[in-house]
Amino acid sequence: MKRIVTVQDISCVGKCSLTVALPIISAMGIEAAVLPTAVLSAHTAFKHGFTFRDLTSDITAICDHWKREKIRFDAIYTGYLGSFEQLDLMSQFIDDFKAEDTLVFIDPVMGDHGKLYSGFTPEFAKAMARLCSKADIIVPNMTEASFMLGLPYIGEGYDKSYVQDILRKLTSLGAKCAVLTGVSFEVGKIGVMAYDAVNDRFFEYYNDLIGASYHGTGDVFASTCVGALINGKDLQTALQIAADYTAESIRLTEDEPEHNWYGVNFEQAIPYLLDRLSR
Ligand code: PXL
């Protein structure tokens with residue numbers, strides 16, 4: 001059985017990070033080990049604030065134990081990391097736990113729609129970019145890519161060569177492959193564009209845009225993508241499955257404004273995911 005360790009926060013309610021990654025990775029037939037970075041009462045898009053317990057001081061002890069047990073991971077998947085210290089710890093974690101065949105998959109969760117989430121700064125984005133140099137695959141959205149590269153955020157009206165340039169710049173940070181999510185060249189369509197720098201190949205894949213933008217979809221996409229890769233799918237197929245499952249999760253989400261910021265109905269789309277995976 002394969003094992004992915006995912007490193008991100010637990011937002012107790014509001015569907016994102018570990019409450020999304022764990023069930024999706026498990027449903028895909030892969031063991032999901034977790035290294036929680038923080039416990040929040042809810043994700044940071046709630047109206048009345050959130051509690052935040054930082055778990056940074058537990059990380060080293062957890063890793064020391066895992067080293068004594070000689071735990072091995074088929075993939076290291078990092079998501080929301082809350083401090084510079086956690087970035088340093090993840091850099092060390094990759095050095096300690098990356099075996100020759102371990103996939104390092106980094107989702108540099110920091111923002112969306114041109115803005116950083118609460119608590120993040122442009123300096124943090126630069127530090128995240130340094131962590132990304134250790135990745136096999138990184139999956140930023142346009143906002144995160146722009147902040148990591150120190151470029152102005154362009155939300156719409158860009159063309160393919162602009163996105164290709166961003167992807168090349170992202171891989172020049174050091175990652176082997178870069179995937180940009182939330183890319184749109186056409187009204188009513190949204191998808192991903194990716195660049196495999198090792199083989200100098202671009203990929204793209206689009207779906208119909210369904211309604212507004214939904215919270216947590218980046219985490220659904222990333223968890224599915226890493227799960228599909230560890231299930232042996234190639235990058236192009238993994239991206240397609242992840243994009244289609246994200247779209248299906250949105251399709252099954254009730255059409256009420258509350259759900260836009262709460263999270264998507266990825267649970268009831270799991271049969272769809274398993275069907276896609278088995279084909
Ligand atoms: O979905 C990304 C994410 C993860 N973790 C926390 C968040 C968010 C997005 O807002 O607030 C705590």
Side-chain angles (χ1 to χ4, degrees), residues 4-25 32 34-56 58-59 76-87 89-90 105-122 124-125 127-128 131-132 138-148 153 179-182 190 192 212-227 242-243 245-247 249-250 253 257-267 269:
I4 296 174
V5 61
T6 178
V7 189
Q8 45 190 325
D9 68 282
I10 302 178
S11 290
C12 299
V13 296
K15 296 191 252 181
C16 71
S17 41
L18 279 183
T19 59
V20 165
L22 253 172
I24 291 177
I25 292 167
V34 299
L35 184 47
T37 54
V39 180
L40 290 81
S41 53
H43 65 56
T44 58
F46 274 72
K47 294 179 205 76
H48 304 291
F50 51 89
T51 71
F52 188 98
R53 175 162 308 270
D54 184 27
L55 297 179
T56 305
D58 289 304
I59 291 177
I76 296 169
Y77 157 35
T78 71
Y80 183 101
L81 301 172
S83 66
F84 286 94
E85 192 182 352
Q86 286 187 353
L87 294 177
L89 286 167
M90 278 313 103
F105 186 101
I106 297 185
D107 184 3
V109 176
M110 291 179 291
D112 208 355
H113 308 295
K115 292 203 180 77
L116 294 173
Y117 296 134
S118 167
F120 291 115
T121 62
F124 184 86
M128 179 66 93
L131 181 66
C132 284
I138 59 174
V139 293
N141 58 30
M142 277 290 200
T143 302
E144 291 151 352
S146 304
F147 276 98
M148 287 200 294
Y153 168 74
V179 178
L180 258 179
T181 58
I190 191 155
V192 293
S213 105
Y214 287 82
H215 196 270
T217 48
D219 300 341
V220 173
F221 177 86
S223 305
T224 312
C225 187
V226 68
Y245 173 57
T246 306
S249 301
I250 294 172
T253 303
E258 175 186 335
H259 296 280
N260 295 5
W261 60 266
Y262 190 83
V264 292
N265 189 355
F266 70 90
E267 298 92 335

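Below, each value reflects all heavy atoms present in this structure, side chains not excepted, and no hydrogens, waters or symmetry copies. Indexing begins at 1, ligand by ligand and atom by atom, following the structure's order.
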Is it the case that the ring center of Phe120 lies less than 6.0 angstrom away from the ring center of Phe124?
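Yes.
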
Can you list every pair where an N/O of ligand 1 is under 3.5 Å from an N/O on the protein?
from: ligand 1; atom 1: 1 (O); to: Asp219; atom 2: OD2; distance (Å): 2.7
from: ligand 1; atom 1: 5 (N); to: Asp9; atom 2: OD1; distance (Å): 2.8
from: ligand 1; atom 1: 10 (O); to: Thr44; atom 2: OG1; distance (Å): 3.4
from: ligand 1; atom 1: 10 (O); to: His215; atom 2: NE2; distance (Å): 2.9
from: ligand 1; atom 1: 11 (O); to: Thr44; atom 2: N; distance (Å): 2.9
from: ligand 1; atom 1: 11 (O); to: Thr44; atom 2: OG1; distance (Å): 2.6

Do the non-hydrogen side-chain atoms of Tyr245 and Ile24 ever get within less than 4.5 Å of each other?
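The answer is yes, as the side chains (C-beta and beyond) meet within the 4.5 Å cut-off.
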
With under 30° as parallel and over 60° as perpendicular, where do the rings of His215 and His43 fit, or are they tilted in between?
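Aromatic pair His215/His43 classed parallel.
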
Taking side chain to side chain donor-acceptor pair (under 3.5 Å) as the definition, give me every residue that meets it alongside Thr217, ordered by chain and number, with sequence neighbours left out.
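With neighbours one apart ignored, the set is empty.
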
When you look at Val7 and Gln86, which way does the side-chain contact (heavy atoms from CB on, under 4.5 Å) test go after all the steps?
CA-CA 10 Å; Val7 189; Gln86 286 187 353; over 6 Å; no

Is a side-chain donor or acceptor of Asp107 paired with a backbone partner of Gly79 at a separation under 3.5 angstrom?
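No; zero donor-acceptor contacts below 3.5 Å.
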
